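A short worksheet on the structure shown next.
The shown structure was predicted, so the numbers you read here are calculated from the model rather than taken from an experiment. Here is the naming used below: chain letters follow the sequence lines, and residue numbers restart at 1 for every chain.
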Protein chains: 2
Amino acid sequence: MRSAVEPLKARRIYLLLRDRIIAGDLPPGTRLPGEPALAAEHAVSRVTVRRALDLLDKEGLVQRKAGSGTFVHDTRSVRPIVADLSNVLSHLIDMGRSTDVKLLSFGYGLPSEGIAESLGMKPGERVQRSVRVRLIDGVPFSYLTTHVPEWIGLTYSEAELAARPLLELIERSGVTTERATQAINATLAGPEAAAALDLEIGSPLLTLTRVVYEPAGRGVEHLHALYRPDRYSFHMDLVRTGNDGERRWSPALGWPRASDKGKADKTKPEKNKQGDKPTRAKRTTKQRS
Amino acid sequence: MRSAVEPLKARRIYLLLRDRIIAGDLPPGTRLPGEPALAAEHAVSRVTVRRALDLLDKEGLVQRKAGSGTFVHDTRSVRPIVADLSNVLSHLIDMGRSTDVKLLSFGYGLPSEGIAESLGMKPGERVQRSVRVRLIDGVPFSYLTTHVPEWIGLTYSEAELAARPLLELIERSGVTTERATQAINATLAGPEAAAALDLEIGSPLLTLTRVVYEPAGRGVEHLHALYRPDRYSFHMDLVRTGNDGERRWSPALGWPRASDKGKADKTKPEKNKQGDKPTRAKRTTKQRS
DNA sequence: GGAACCTGTATGATCGATAATACAGGTTGG
DNA sequence: CCAACCTGTATTATCGATCATACAGGTTCC
């Protein structure tokens, strides 16, 4: 009967080792068990173990030395960018790193039902849809799909969208934005996002869905963002609030931030090994925040 | 040369359709193109398309009717649980839904380097490590790995950990917790987490890593949580703050929450079809928060 | 009823992933 | 130097995923 489409064994072992490395169970510098040992441990052939190690190697998680062994690579050099809740990269820009935006798609049309509902639009109303990719130091890290009601979208041009932050353009049109809701989740990379973010299909992605409202309560922007988790993550400081029976954590508002012990700071610009696919930009423009 | 371990084609098509469904591109009720059409569109055989649809069907994203077609299932019945930033499920509990905890592992030992560093421990100091699974209405949705310095862990028993929230036990030991930092990210399910959360290996997961500090700055708890994205997501309301040049989004503190338009509310308890694996609990206890 | 679509199911051929095995060459430590 | 490990590489065999094709049966609509 049904054979249950088991994912590739190599991938299974890859994920297992990857988890142990990331969880710190295999600290940087550790020598992994030899390929024959791993093969025996997981009851697979050595060829399969090698493929798993190849994947880890390609991601820079391990370093292989012929004749010597396979070692866990020092992870600290590939720490992801951290952004606070508001999804602001300001301190990165302060550090002199440049963020660019590439506009992949731009057009008008009818919104899907879910978008229309969350923007509170009447049936038949049209939206502007755009797809952008954000790069930091030339490396793509987020894939943004935005939907904006047509009457706002018409106040700026395609070129302006590629050059300025969308929220700025919206506010320039006379709309004031005050409230927003957002949800953070996880998903797998589909073909388009995978290509844009230079990933394999099926890689994990962080998602952020944000809907921005104007004071009257109508939605003015629907943002769906996909982030490479190895290059981006949400970070926040919490303080314990509330009275005895109802104690909980609340985000510590307002900089200065609490824990800046020089920990995840000197994020090196990624070694950019394997010089494949120079990511020829279709339309790239400097843009802040 | 290298054949690049392309993920299974069926999985590729599955992901593609899944993205379009979740993104709202294919609204609930829509009839998908026929299997022959999809096969042609993606240049694969019909058998492969069927396997992709099988996966979507198994996840409840589509519904197939012999002779009629394949339809996008009404997604609203499988909306994920929403938790606010502080990771509190209080309003769910208020709604009468029960959360249980299953303790999978408990023990003492030396921490990995990363854990030790984030807890600010001296070399040689030991930690208590525990792995728990949280269920809501009997369905697992999170996989928690916690590390606590031994001197705190010794103040409570294994049975207590299975019955009470960890932070409560820590505070009971005399430590006051005031600050914490946390990061949200995404990853793929490894074998253990996949088994515990009733998922396929390689499924996407939300991760939350939180380190809790006592006033003196020593870490007292390291929490690594994995969440099923289809059953859990982080949600927050934002307000626009800051002066002109420095406008940004800040979390809207303090309930009452802004957007409760009865949207993601009536989350039905999941149909629990396919009665396989009755999830026999090893050690299950009611627990709040 | 009947044409035209659909899903469900079965078949044998093909191709890639995996297994089992063998050997070459580097590294380490006695 | 040499024994004992390691990674790198190659070979052949097997098994599962995929393909191409065909047919059965349900649904829809004219």
Closer than 4.0 Å, any side-chain N/O of B/Thr48 to the OP1 or OP2 of D/dA17?
-> no
Proximity to the side chain of A/Thr70 - top-ranked nucleotide from D/dC19, D/dT7, D/dT27 | D/dT7
Using whole Å, report how far CZ of B/Arg46 lies from P of C/dA10.
-> 13 Å
Residue pair A/Ala43/B/Lys65 against DNA chain C: nearer the 5' end by closest nucleotide is B/Lys65
Sub-6.0 Å ring centroid separation between A/Tyr143 and A/Tyr227 | no
Of the candidates D/dC19, C/dT7, C/dA19, the side chain of B/Glu35 sits closest to C/dT7
If you check every side-chain atom of A/Val47, which of D/dC23, D/dG8, C/dA20 has the closest atom?
-> C/dA20
Rounded to the nearest 0.5 angstrom, the CD-CZ distance for B/Gln63 and B/Arg31 is 14.5 Å
Options D/dT7, C/dT28, D/dA20, nucleotide nearest the side-chain atoms of B/Ser45 = D/dA20
Nearest to the side chain of A/Ser68 - C/dA22, D/dA22, C/dT28?
-> C/dT28
For A/Arg31 and D/dC6, is the shortest distance between a side-chain N/O and OP1 or OP2 below 4.0 Å?
-> yes
When you check the side-chain N and O atoms of B/Thr146 and B/Ser130, is any donor under 3.5 Å from an acceptor?
-> yes
In whole Å, what is the span from the CG atom of A/Leu53 to the P atom of D/dC6?
-> 13 Å
Within this structure, what is the CZ-to-P distance between B/Arg50 and D/dA20, rounded to whole angstrom?
-> 17 Å
Measure from the side-chain heavy atoms of A/Arg64 and tell me the nearest of D/dG8, C/dT28, C/dA19.
-> D/dG8
Is any side-chain nitrogen or oxygen of B/Lys9 closer than 4.0 Å to OP1 or OP2 of D/dC19?
-> yes
Flag for B/Arg132-B/Ser142: side-chain donor and acceptor within less than 3.5 Å | no
Using atom CZ of B/Phe71 as one end and atom C1' of C/dT7 as the other, report the distance to the nearest whole Å.
-> 11 Å
Whole-Å gap separating P (C/dC6) and CD (B/Gln63) | 18 Å
Do the non-hydrogen side-chain atoms of A/Glu35 and A/Arg50 ever get within less than 4.5 Å of each other?
-> yes
